[in-house]
Amino acid sequence: MNASYKWLPPIEHLVEEAAAAININGINYAVMMVTPDDIEDFAIGFLFAEAIIQNDHDIHDIQITPSDSGFMVEVTIANRCLSALNSKKRRLVGATGCGICGVEAIEHALPQLAILPVTRPIDINNLETLKQRIADSQIKAQQSGAIHAALALTAQGDIIACREDIGRHNALDKLIGMLIRQTTAAQKTSCKTLLITSRCSSELIHKAVLFGANNLISLASPSQLAVKLALKYNLNIIHIPKFSAPIYYSSYDCHFNVNRLSLSPIGEIHV
């Protein structure tokens, strides 16, 4: 046995993970594995992405209670939102970062969303400076690693806020929930660029489009379906590779007809 091995080293520096049971007006709705902070932001962002609420005013109360296996999140929503809750029929016991597990119908997994206006992609003027600011904003990642981040940027590329979680979907839910709760109308208008440190999948496109973002920057490659959906809804995707220039996927001033793209989850993009 190698003498350098450590048996049972301290674990305080490792990322935390806990089960969050979300109950809505007394109804068991979902159990998600999350990093146990910014839970109110997560609950609001999660229910917004589920199309159960449309803004923070739809939530009357959130009570968070620790339990032996995690914590309970008791959410009280407005009566006008109950029909949306009843129509979801989601039975979700989610693994970390689970996006669409438990959805009973494919139309719930890939719903039709409102088309965004076509906008010019954000200009990334100083890539190395942006990368450093992203790294500086990830406090938990500096301490433990093994964690995803979602950040909000101004039109000038300045970072407004960062939320972190062991689940990549949860990180974006926390960020959107925070933006819905805490930003003014003017800030919401100016904050149209979201950034994720994780891979860019179709579920994250769904969340960004629902929020009304113009740009989604990703530090990892998008999936084919993510690009197809983003082009369909006029969301600009900017992929920042580790060692090369940004790659833009955008409907702005493009040379092809987006309507020609097949949105089947299987197959390549043909333009």
Is a side-chain donor or acceptor of [X] paired with a backbone partner of [Y] at a separation under 3.5 angstrom?
X: Tyr233; Y: Lys228; value: no
X: Ser218; Y: Ser198; value: yes
X: Glu74; Y: Ile62; value: no
X: Gln142; Y: Ala135; value: yes
X: Asn23; Y: Val75; value: no
X: Lys232; Y: Ile115; value: no
X: Lys192; Y: Gly212; value: yes
X: Asn234; Y: Leu116; value: yes
X: Gln143; Y: His13; value: no
X: Asn170; Y: Met33; value: yes

For [X] versus [Y], what's the shortest heavy-atom pair and its separation?
X: Asn25; Y: Ile77; answer: OD1-N, 2.7 Å
X: Ile124; Y: Pro246; answer: CD1-CG, 4.4 Å
X: Ser202; Y: Leu229; answer: CB-CD1, 3.6 Å
X: Leu175; Y: Ala150; answer: CD2-C, 3.7 Å
X: Gly70; Y: Ala18; answer: CA-CB, 4.5 Å

[X] atom [atom1]: more than 12 heavy-atom contacts under 6.0 Å:
X: Asn79; atom1: CG; value: no
X: Glu16; atom1: CD; value: no
X: Gln54; atom1: CD; value: no

With a 4.5 Å cut-off on side-chain heavy-atom distances among I, L, V, M, F, W and Y, is there a chain of contacts connecting Ile166 to Leu14?
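Ile166 and Leu14: separate clusters.
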
With clusters defined by side-chain heavy atoms of hydrophobic residues (ILVMFWY) lying less than 4.5 Å apart, directly or transitively, does Ile39 cluster with Met72?
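No; tracing contacts between hydrophobic side chains, which count when under 4.5 Å, never links both residues.
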
Which residues pass the salt bridge (charged side-chain N to carboxylate O under 4.0 Å, His left out) test with Asp41, sequence neighbours left out?
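If we apply the salt bridge (charged side-chain N to carboxylate O under 4.0 Å, His left out) test to Asp41, skipping adjacent residues, the hits are Arg163, Arg181.
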
Sequence neighbours left out, what passes salt bridge (charged side-chain N to carboxylate O under 4.0 Å, His left out) with Asp136? Give chain and number order.
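Result, salt bridge (charged side-chain N to carboxylate O under 4.0 Å, His left out) vs Asp136: none returned.
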
For the atom pair [atom1] ([X]) and [atom2] ([Y]), what is the distance rounded to the nearest 0.5 Å?
X: Cys162; Y: Gln138; atom1: SG; atom2: CD; answer: 5.5 Å
X: Ile159; Y: Ser137; atom1: CD1; atom2: OG; answer: 3.5 Å
X: Phe48; Y: Ile180; atom1: CZ; atom2: CD1; answer: 4.5 Å
X: Ser144; Y: Ile139; atom1: OG; atom2: CD1; answer: 11.5 Å
X: Cys81; Y: Glu50; atom1: SG; atom2: CD; answer: 13.0 Å
X: Leu151; Y: Leu195; atom1: CG; atom2: CG; answer: 5.5 Å

Would a 4.5 Å heavy-atom cut-off, applied to side chains only, mark [X] and [Y] as touching?
X: Val34; Y: Phe71; answer: yes
X: Ile205; Y: Ile237; answer: yes
X: His239; Y: Pro222; answer: yes
X: Val15; Y: Glu164; answer: no
X: Phe211; Y: Leu235; answer: no
X: Lys140; Y: Thr35; answer: yes
X: Ile52; Y: Tyr29; answer: yes
X: Lys207; Y: Asp173; answer: yes

Do [X] and [Y] have a side chain donor and acceptor closer than 3.5 Å?
X: Thr76; Y: Asp61; result: no
X: His169; Y: Glu203; result: yes
X: Thr197; Y: Arg168; result: no

Derivation and outcome, side-chain contact (heavy atoms from CB on, under 4.5 Å), residues Phe42 and Asp165
CA-CA 10 Å; Phe42 168 69; Asp165 197 276; 5.8 Å; no

Let me see the working for Ile238 and Asn215 under side-chain contact (heavy atoms from CB on, under 4.5 Å), right down to the final yes or no.
CA-CA 7 Å; Ile238 301 97; Asn215 306 286; 3.9 Å; yes

Of Val73, Ile53, Ile59, Leu47, the residue whose pairing with Ile24 passes side chain to side chain contact (heavy atoms under 4.5 Å, CB included):
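Looking at Val73, Ile53, Ile59, Leu47, the match for Ile24 under the side chain to side chain contact (heavy atoms under 4.5 Å, CB included) is Leu47.
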
Ile217 and side chain to side chain contact (heavy atoms under 4.5 Å, CB included): which partner among Ile196, Thr193, Ile134, Asn236?
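Among Ile196, Thr193, Ile134, Asn236, the one meeting side chain to side chain contact (heavy atoms under 4.5 Å, CB included) with Ile217 is Thr193.
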
Short N-O contact, Arg133 and Asp158, less than 4.0 angstrom:
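Here Arg133 pairs with Asp158 in a salt bridge, since their nearest N and O are under 4.0 Å apart.
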
